[in-house]
Each structure stands twice: as C-alpha cells, then as structure tokens.
Amino acid sequence: MADDTDETRARDGGRGHRGHRPGGAGRGGAGAPEAGIGGRRLEVRVQPDVTYVTWWLTPQGDGLRQAVTDSSASGPLGGIRPVGCVAGDSMTASTWWAWPIHPDRPYDGAAVGRLLLAASDTVAASFHAGRLIHVRARHPRPGARPTPAGVLDAPAATPGWLPEAVRAYHRWRAAGPVIEARHRWQSAVEACSVTADGRELWCTGSGYRDEMLAGFDVEQTPERVTVRAWLAFGPDGPTSFGTGPVRTLPDGRRLGRMYRQAASRRWSTVVYLDQPLGERPVVDVGIREPDGAGRARRAWLAERE
C-alpha cells in the first residue's frame with residue numbers, strides 16, 4: 001500500500017511555521033486600531049527636506065567616469081547618477097553619496113575639464129578647496145582601495161533642477177514593481193513616510209523571498225488615507241516552502257510539517273496624494289490572511305496538475 005502523506009501547511013505565525021517570519025505584526029508602522037474604521041493607524045514619518053551644496057570639481061584620473069558608468073543601471077534612464085565618495089583613500093572611511101553633474105544636465109561620464117559635485121549640506125560642511133575626493137566601486141574587489149576622483153576647487157551655485165532630480169532618483173528607488181498575479185493575498189504595511197510637502201506617501205513592507213507586491217489600494221478622503229497591500233508569488237512561483245522531518249503514524253501514514261524558508265524580501269511603493277496629507281491619519285485596512293500564501297500555493301500547484 002502506498003504511503004499517504006498528510007502535510008500540515010504553513011500558517012503565518014501558526015504552529016505549522018518554523019523559522020523567522022519577516023515583517024511580523026507589531027513592527028514598523030503598526031499601531032492601535034483606528035476608531036470608526038477597521039484597520040491599524042500607521043505612524044507616519046516626515047522625510048527631512050535635504051539641502052544640497054555644490055562645489056566645482058576638477059576630475060583626476062578615470063575614477064569618477066568609471067564610478068558613473070558602474071552606477072548607470074541604478075537610476076532612471078537619463079537621470080542623475082549617485083557615486084559613493086570618501087575623503088582620501090582610507091579603507092575604513094565611511095562612504096557618502098554625491099552627485100556629479102554638468103551645470104545644465106546630468107553627468108554621463110564624458111571627459112570634461114571641470115564639473116559640479118553636489119552633496120547634502122551635512123556632508124558638504126567638511127568640504128574645502130584643494131580637498132581630494134575618492135570614489136568607491138559599487139562592487140569593489142577584496143582589498144581594493146578607493147580611486148581618486150578629483151579635487152574640489154570652490155563653491156558653486158546649485159542648479160535649480162538638481163533637488164527635484166535627486167528626489168526623482170530616490171522616488172524611483174522606492175517605487176518597486178507591482179506584478180500582475182492570479183492568486184494573491186493581503187499583507188500588512190509595516191512603515192510609511194511622507195515627503196516634506198505632504199504630497200508623496202512612501203509605504204514599505206516585507207515578505208518571504210518568493211513574494212512580491214501584487215497590488216496597492218489607496219482611498220483618499222478629507223478625513224483619512226486608507227491603504228491595502230497585496231502580495232503574490234514572483235515569476236518562479238512558491239519557492240520558499242519546504243517539508244520538515246517526516247514521522248510515521250501508527251496506521252502507517254506519513255505526516256510531514258510544512259515550513260517557510262526564512263530569507264525575506266522588502267517591497268515598497270510610492271503613492272501620489274491628491275492633497276497634502278496634513279493631519280490626516282494613514283490607516284492600513286488590509287485584512288491579515290494567516291493562510292494566504294499557503295492557499296495561493298495550493299491553487300498554484302493545482303493549476304499544474
């Protein structure tokens with residue numbers, strides 16, 4: 001007689017789950033239930049309004065051009081490129097981000113006699129004429145030292161388009177892909193922040209490594225902003241499920257316990273608000289589905305039988 005396998009399916013936070021569950025309830029922006037509407041009121045952090053300071057930089061060697069080339073895939077097409085900089089060539093110096101630009105357009109790595117280097121006001125507070133700036137490779141080889149990028153000459157006027165270009169870069173990084181999926185389930189929003197002008201709401205959460213954001217619902221009223229996140233398996237399907245030790249029951253059946261592998265994945269999205277957020281609360285109205293991923297997995301498997 002063939003063995004009958006009875007799997008105990010994983011439930012988020014339930015007995016069938018082993019290991020770490022990323023983004024558990026109560027972390028990040030989780031808050032008390034919002035009166036008068038189902039859901040959790042999220043704590044909203046206001047993003048600092050960063051001021052940028054710009055200096056003229058005389059390039060030295062090939063380091064800056066190579067750094068910009070290496071970062072060409074890390075931003076919107078045609079947009080500005082950040083480079084990781086250090087003062088001097090120390091292996092232990094902390095890395096800070098700067099933005100090499102032409103006076104009137106993003107810098108594309110072409111040879112140039114002098115260009116602009118912009119950094120946040122806190123970083124630029126230590127700039128002085130004659131200071132040598134080095135850049136770090138995005139994926140440095142073990143033991144590789146920073147490469148000379150250029151010498152600071154003098155302060156320069158910051159182009160008016162630069163602050164919005166920097167915001168566009170960070171917005172691009174925050175706005176992750178939203179996939180289409182036949183089987184999806186609701187998940188919790190862990191944290192959110194709003195830009196200083198109150199116009200953009202940035203929301204984040206997490207899931208297992210095989211999960212991606214599959215929808216983000218927003219409803220805006222004069223009283224509140226409600227959000228709801230949906231997750232689904234990525235293009236490779238449910239790959240984080242596994243079976244633990246199997247035991248044999250007295251009647252001969254074999255019983256295995258399902259679990260999820262612990263590696264997590266962050267998701268994020270950017271919401272453009274019709275009106276500045278102001279004092280309105282942000283409420284996560286997503287209904288937590290303890291077996292949402294397990295149910296989607298069983299449906300995914302059933303379609304392939």
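Just so it is clear, the model here is predicted, and its values are computed rather than measured.
By the rule that hydrophobic residues join a cluster once side-chain heavy atoms approach within less than 4.5 Å of another member, Leu273 and Val270 end up as members of separate clusters. A continuous path of hydrophobic side-chain contacts links Leu116 to Tyr169 [ILVMFWY only; heavy atoms under 4.5 Å].
A side-chain donor from one of Arg209 and Thr239 sits under 3.5 Å from a side-chain acceptor of the other. A donor-acceptor contact under 3.5 angstrom links the side chains of Arg136 and Thr95, judged on distance only. For the residue pair Arg266/Thr204, the side-chain donor-acceptor check at 3.5 Å is satisfied.
The minimum heavy-atom distance linking Ser206 with Leu231 is given by the pair O-CD1, 4.3 Å. Here the closest heavy-atom approach between residue Cys192 and residue Val282 is recorded as SG-CG1, 4.3 Å. Listed here is the closest heavy atom pair of Leu57 and Gly150: CD1-C, 3.6 Å. Minimum interatomic distance between Leu162 and Ala118 (heavy atoms only, all atoms of both residues): CD2-CB, 3.4 Å. Minimum heavy-atom separation, Ala214 to Arg184: O-NH1, 3.1 Å. Ser268 and Leu213 make their closest contact through O-CD2, 4.1 Å (heavy atoms, listed as atom of the first residue, atom of the second, distance).
Looking at Phe233 and Trp185, their side chains come closer than 4.5 Å, going by heavy atoms from C-beta outward. A 4.5 Å side-chain heavy-atom check between Thr158 and Val53 finds every atom pair outside the cut-off. Proximity of Val178 to Phe216: side-chain heavy atoms (C-beta onward) are nowhere separated by under 4.5 Å. A heavy-atom distance below 4.5 Å is found between the side chains of Leu152 and Ile133. Within the 4.5 Å cutoff, side-chain heavy atoms of Val112 are placed close to those of Tyr107. A 4.5 Å side-chain heavy-atom check between Trp230 and Asp217 finds at least one atom pair inside the cut-off. In this structure, Val68 and Pro100 have side chains that are in contact, with non-hydrogen atoms separated by less than 4.5 Å. The side-chain heavy atoms of Arg228 and Ile287, taken from C-beta on, include a pair separated by under 4.5 Å.
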Would you please test Arg41 and Asp284 for salt bridge (charged side-chain N to carboxylate O under 4.0 Å, His left out) and show each step?
CA-CA 6 Å; Arg41 179 167 179 163; Asp284 179 9; over 6 Å; no

Before you tell me yes or no, could you show the steps for Ile80 and Trp161 under side chain to side chain contact (heavy atoms under 4.5 Å, CB included), namely the whole-Å CA-CA distance, both residues' side-chain angles and the distance that decides it to 0.1 Å?
CA-CA 11 Å; Ile80 58 178; Trp161 55 266; 3.8 Å; yes

Could you walk me through whether Gln47 and Thr195 pass the side chain to side chain donor-acceptor pair (under 3.5 Å) check?
CA-CA 5 Å; Gln47 299 176 16; Thr195 51; 5.8 Å; no

Determine, stepwise, if the pair Val46 / Val44 fulfils side chain to side chain contact (heavy atoms under 4.5 Å, CB included).
CA-CA 6 Å; Val46 178; Val44 182; 5.6 Å; no

Stepwise, does the salt bridge (charged side-chain N to carboxylate O under 4.0 Å, His left out) test hold for Asp197 with Arg199?
CA-CA 6 Å; Asp197 62 4; Arg199 289 285 186 175; 5.8 Å; no

Please evaluate residues Val189 and Leu42 with respect to the criterion side chain to side chain contact (heavy atoms under 4.5 Å, CB included), reporting the C-alpha separation (whole Å), side-chain torsions for both, the decisive distance (0.1 Å), and the verdict.
CA-CA 8 Å; Val189 176; Leu42 300 173; 3.8 Å; yes

Candidate pair Leu64 and Val135, rule side chain to side chain contact (heavy atoms under 4.5 Å, CB included), full reasoning
CA-CA 7 Å; Leu64 188 61; Val135 293; 4.3 Å; yes

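Looking only at distances, a side-chain donor or acceptor of Arg304 sits under 3.5 Å from a matching main-chain atom of Trp300. Ser126 places a side-chain N or O within 3.5 Å of a backbone atom of Val123 that can act as its donor or acceptor partner. A donor-acceptor pair is defined here as one N or O able to donate and one able to accept, closer than 3.5 Å; no such pair exists between the side chain of Arg247 and the backbone of Leu255. The main-chain N or O of Asp274 is found under 3.5 Å from a side-chain atom of Gln220 such that the two form a donor-acceptor pair.
Salt-bridge check for Glu223 with Arg280: failed, with every basic side-chain N at 4.0 Å or more from each acidic carboxylate O. The existence of a salt bridge linking Arg182 and Glu303 is confirmed by a sub-4.0 Å separation between a basic side-chain nitrogen and an acidic carboxylate oxygen. Taking 4.0 Å as the cut-off between side-chain N and carboxylate O, Arg295 and Glu289 count as a salt-bridged pair. A salt bridge links Arg298 to Asp291: one of the charged nitrogens lies within less than 4.0 Å of a carboxylate oxygen.
Interatomic distance, Trp97 CH2 to Ser120 OG, rounded to the nearest 0.5 Å: 13.0 Å. One distance of note links OG1 of Thr147 with CZ of Arg65; it measures 11.5 Å at 0.5 Å rounding. One distance of note links OG1 of Thr58 with CG of Leu117; it measures 11.5 Å at 0.5 Å rounding. One distance of note links OG of Ser193 with CH2 of Trp202; it measures 6.5 Å at 0.5 Å rounding.
Within a 6.0 Å sphere centred on CD of Glu164, other residues, nucleotides and ligands contribute more than 12 heavy atoms.
Ring geometry, Phe127 versus Trp55: the interplanar angle exceeds 60°, so the pair is classed perpendicular (tilted spans 30 to 60°).
The one candidate from Arg260, Arg297, Gln261 that meets the side chain to side chain donor-acceptor pair (under 3.5 Å) condition with Ser240 is Arg260.
Geometric assessment of Arg265 against the ring of Tyr208 yields a negative cation-pi assignment under the 6.0 Å and 45° thresholds.
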